[in-house]
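Here is how names work: the chains are called A, B, and so on, in the same order as the sequence lines, proteins then strands, and each is numbered from 1.
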There are 2 protein chains.
Amino acid sequence: MSVQERKQRELAERERLIVATARELAEQQGWDAVTTRRLAERIEYSQPVLYSHFRGKREIIGAVALEGATELAAAVRAATAEAGSPRARVVALGRAYLDFAAANPAAYDALFQLDGGLLFANEATPEPLKDAFAALLETLCEVAGDGVEPGMFTEVFWASLHGLATLGRAGRLLPEDAEPRLELLVDRLAVS
Amino acid sequence: MSVQERKQRELAERERLIVATARELAEQQGWDAVTTRRLAERIEYSQPVLYSHFRGKREIIGAVALEGATELAAAVRAATAEAGSPRARVVALGRAYLDFAAANPAAYDALFQLDGGLLFANEATPEPLKDAFAALLETLCEVAGDGVEPGMFTEVFWASLHGLATLGRAGRLLPEDAEPRLELLVDRLAVS
DNA sequence: TCGGTTGTCTAGCGGTGCTAGAATCGAGGC
DNA sequence: GCCTCGATTCTAGCACCGCTAGACAACCGA
C-alpha cells in the first residue's frame, strides 16, 4: 500500500502546485494570461496533465476561488476579533473585505467575477463559500436592526461591499474617497 | 457630393447594424457567443468589415456599453419622474436600475463587467456614461443627508445597486428577497 | 468605355481550450 | 536482474478565437 500512498501524496501535491501556480500567474498578469499552455509550462508538465486533475480551466478557477474564500473568511474573522464596539467591528469587517479584494484581485475575481462553476445560496454550495458568508453574518447580525432578517441584511451589506470593491478596482469610483465611502456605508446601514 | 453622402449614410447604417447585432447576440446567448466570425455571418459581411468600423472586439463592446448607458439613464429618469416623494423616487430609481440590469444583462455587462475600453470617473469619460451617473445624482442628491457630498453618496448608492445587480444575477443571492433588499437599502442609505 | 480608387473578400497567422492515441516509465512477478 | 504489463505522460492535432495582409471586384469620375 505504501507505493499507492506515495503516489496519492504526489498527486495531491501536484494538484496544490497547479492551483497555486494558476493563482500566482493570475495575480501577476491577470486571468487572461492564465492559459493551459502557460500553466503547464510553469508546473513543468505537459498540458494534458492538468486535465487529469481538473475537468477544465473552469475547475481550476473554482479551486482558486475556494482557496480565496477560506482566506477571505479568515481575514474577516481576524479583523473583527480585534475590534471593541459593534460599530468598530463592522468597519473592520468592511475594511478587511475591501483590502482582501484589492490585495488579491485574482482570487476575488475567481470567487465572484469569473465562472468557476460554483454554486451559491444553495444547499450544494461548497463549505468554504458558506463559511465566508457565515463570517460576515457573525458580525453583521449584531447590527441588522430590529425586525430585519440577519441573512437578508448580510446579503445587502455584502452586495454593497462587493459593488465598492469591483467598481473601485475597475477605476469607476474616485480613488481618494474610498475611506469616506466605507464610513458612510457603515454609518447608514448598520444599526447600533 | 450626393454619392459620398449616400456612402456615409450606408456606412453609419452598417455600424448601427453591427452594434445592434452584437447586442442581440449577446442578449440571446451571452457575450462568449459573440465572436467576430459569428457576428460577421449575422450581418452578412465578412469578418474584416468589422475592423473597418471598430478597432477590435473591445470597441464593439464599448459601443454596446454606450448604448446601454443612454438607455439606463433614460429608464432611471422616467422612473423617478413619476414618483411623488423623495423616498418613492429613490425606490423607483433603485427598481429601475435593477430591472434594467436584469432585463439587459448583455448591455449591463458591457457597461460594467467587461472591458469595453471606456474610461470612468475621469474628464475623458464619454458623455453617455457621465450622463448616466448624472441621472442617479439628480435624484440621490436630495437624500444624501447633511454634510455628505452628493457625488460620494451617489457612488456608494450606485455601488450597492451594482452589487445587488451582479450578485443577484449570478445566483449568489436568494432570489425571493430581491424586493426587501431594495427596500432595506433605500430605508437605511437615504436620508429623508 | 476606361482608369483608378475604394471597398470587400479569401486565406492565413499565432493563439485558445481540450483530447486521442502513441510512447514511456515503473511496479510486481518470475 | 530481467521482463511484462498497466498506469502515466507526452506529442500532435482538433476546432475555434481575434485579427490582418494581400488579392480581387465593384464602382465613381472622366
Inset, instruction - Tell me whether the guanidinium CZ or amine NZ of B/Arg172 lies under 6.0 angstrom from the six-membered ring centre of A/Phe112 and within 45° of its axis. - result: no

Inset, instruction - Remember a base hit wins even if backbone is also touched, and classify B/Arg58 as base, sugar-phosphate or nothing at under 4.0 Å, heavy atoms. - result: nothing

Inset, instruction - Establish, with yes or no, whether the OP1 or OP2 oxygen of D/dC19 is under 4.0 angstrom from a side-chain nitrogen or oxygen of B/Thr36. - result: no

Inset, instruction - Using modelled atom types only, decide if a donor and an acceptor are shared between the side chain of B/Lys57 and the backbone of B/Val34 within a distance under 3.5 Å. - result: yes

Inset, instruction - Measure from OH on B/Tyr51 to C1' on C/dG12 and round the result to the nearest Å. - result: 14 Å

Legend entry - Nearest-neighbour nucleotide for the A/Arg14 side chain, D/dT9, C/dT16, D/dT11 considered: D/dT9

Inset, instruction - Round to a whole Å and report the spacing from CZ of A/Arg37 to P of C/dT16. - result: 6 Å

Inset, instruction - Measure the distance from CD on B/Glu10 to C1' on C/dT8 and round it to the nearest whole Å. - result: 14 Å

Legend entry - Comparing B/Asp32 and A/Leu11 on DNA chain D - which has the more 5′ nearest nucleotide: A/Leu11

Legend entry - Nearest-angstrom distance from the residue atom CD of B/Gln47 to C1' of C/dG7: 17 Å

Inset, instruction - Side chain of A/Arg38 only, please: which of C/dC18, C/dT16, D/dC10 is the nearest? - result: C/dT16

Legend entry - salt_bridge(B/Arg16, B/Glu13) N-O dist < 4.0 Å: yes

Legend entry - Charged N-O contact under 4.0 Å between B/Arg87 and B/Glu183: yes

Inset, instruction - Tell me which nucleotide among C/dT8, D/dT9, D/dG13 gets nearest to the side chain of B/Tyr45. - result: C/dT8

Legend entry - Side chain of B/Ser46 - closest among C/dG17, C/dT8, D/dC19: C/dT8

Legend entry - Atom-to-atom span, NE2 of A/His53 to P of C/dC18 - whole angstrom: 15 Å

